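Below is one structure; the comments refer to it alone.
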Amino acid sequence: MISFENVSVVYEEDIFALKNINCHVNNGDFLFVLGPSGAGKTTFLRLIYKEILPTAGKVIINKHDLLKLPKGRLPYFRRKLGIVFQDFKLLYDRTVNENIEFAMISVDQKISRIPKRRSEVLRLLKLNGKGHLYPHHLSGGEQQRVAIARAIANSPLILIADEPTGNLDDEISVDIINEFKQLNMIGMTVIIATHDDRLTNLVSNHHRLFLKDGELINAT
Ligand SMILES: Nc1ncnc2c1ncn2[C@@H]1O[C@H](COP(=O)(O)OP(=O)(O)O)[C@@H](O)[C@H]1O
Ligand SMILES: [Mg+2]
């Protein structure tokens, strides 16, 4: 479970990216973090993977207060998370296969296990036959799917995606949300930040947090 207790983030003096946020996300939830650009959605996600710390308040994940998490534990903690960045952050000088391998090796997966799992995630994201290609030979939608394949390769407990449909046409957005739904059905907590609240229509059982100017306006 993820809990935010009176969390505020101030990047620069007097500018609150998040103001006194209180919320809970249960294991297995499908959560949309909604709100217009500048509302604080990305800041909310960055707190969860401890890229930033709250200026005030606490972020607690599965009983661990992230403020108190020793630095040495951070890599172990991050292994439980899969993150799909808004700009993908793929390694452009490596093939699709190598991108996925790299993510798996960096969390000490047994080398012998990699090919099987790699094929699984490529199949799941409909990237069969694309493994030997470099990202710049793929369409935007395919690169997006590589980013997702890489994020789930280590079977994370929590999948975090920042505007995963941000620059894709509608048909691909539907496919991607459907993939997230399948992962959620097998137990993964899914957290999606998006400015596009139409996406919520694609998921029948979901929760939502609506942010505006750093404030939590509505939670369902
Ligand atoms: N690194 C940063 N330094 C200063 N201000 C930032 C930084 N990141 C975000 N902000 C500001 O914090 C607010 C929330 O940003 P963000 O969390 O990126 O919102 P969203 O993802 O909803 O568009 C915005 O006003 C943004 O300009
Ligand atoms: Mg953002």
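Model, not experiment: these values are computed from the prediction. This chain uses plain numbering: 1 for the first residue, then up along the sequence. In listed order, ligands and their atoms are each counted from 1. Heavy atoms only: backbone and side chains are in, while hydrogens, waters and symmetry mates are out.
Protein heavy atom nearest atom 18 (O) of ligand 1, with residue, atom name and distance: T42 CB, 3.7 Å. For atom 12 (O) of ligand 1, the nearest protein heavy atom (residue, atom name, distance) is A17 CB, 3.4 Å. Closest to atom 15 (O) of ligand 1 among all protein heavy atoms lies T43 OG1, 3.9 Å. The protein heavy atom nearest to atom 19 (O) of ligand 1 is G40 N, 3.1 Å. Counting only heavy atoms of the protein, atom 6 (C) of ligand 1 lies nearest to Y11 CD1, 3.2 Å.
Residue contact check for ligand 1: G214 places no non-hydrogen atom closer than 4.0 Å to it.
Looking at ligand 1, you won't find any N or O of R46 less than 3.5 Å from one of its N or O atoms.
Counting only non-hydrogen atoms, the option in G35, A39, G38 that gets closest to atom 23 (O) of ligand 1 is G38.
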Exercise. L216 and C23: side chain to side chain contact (heavy atoms under 4.5 Å, CB included), yes or no, with the steps?
Worked result: CA-CA 9 Å; L216 181 55; C23 65; 4.3 Å; yes
Problem set entry | Residues F77, Y49; criterion ring pair (Phe, Tyr, Trp, His ring centres under 6.0 Å); working and verdict | CA-CA 9 Å; F77 164 72; Y49 56 89; 9.4 Å; no
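Close contacts between ligand 1 and S37 involve ligand atoms 23 (O) [criterion: under 4.0 Å to a heavy atom]. Ligand 1 places these atoms under 4.0 Å from at least one heavy atom of P36: 22 (O). Listed by number with element, the atoms of ligand 1 under 4.0 Å from a non-hydrogen atom of E12 are 4 (C).
Using cut-offs of 30° and 60° on the angle between ring planes, the pair H137 and Y134 is perpendicular.
L157 has its side chain out of reach of L81: every pair of non-hydrogen atoms, C-beta onward, lies at least 4.5 Å apart.
Salt-bridge annotation for E179 and R145: absent, with no side-chain N of the basic residue lying under 4.0 Å from a carboxylate O of the acidic one. Residues E120 and R117 are paired through a salt bridge, judged by an N-O separation under 4.0 Å between the basic side chain and the carboxylate.
The presence of a protein heavy atom under 4.0 Å from atom 26 (C) of ligand 1 is ruled out.
For S37, every N, O or S atom stays at 2.8 Å or more from the Mg ion (ligand 2).
Looking only at atom types and distance, the side chain of S3 has a donor-acceptor partner in the side chain of H24 under 3.5 Å away.
Listed for the N154 side chain is no donor-acceptor partner under 3.5 Å among the backbone atoms of P156. A side-chain donor-acceptor contact under 3.5 Å links D196 to the backbone of R198.
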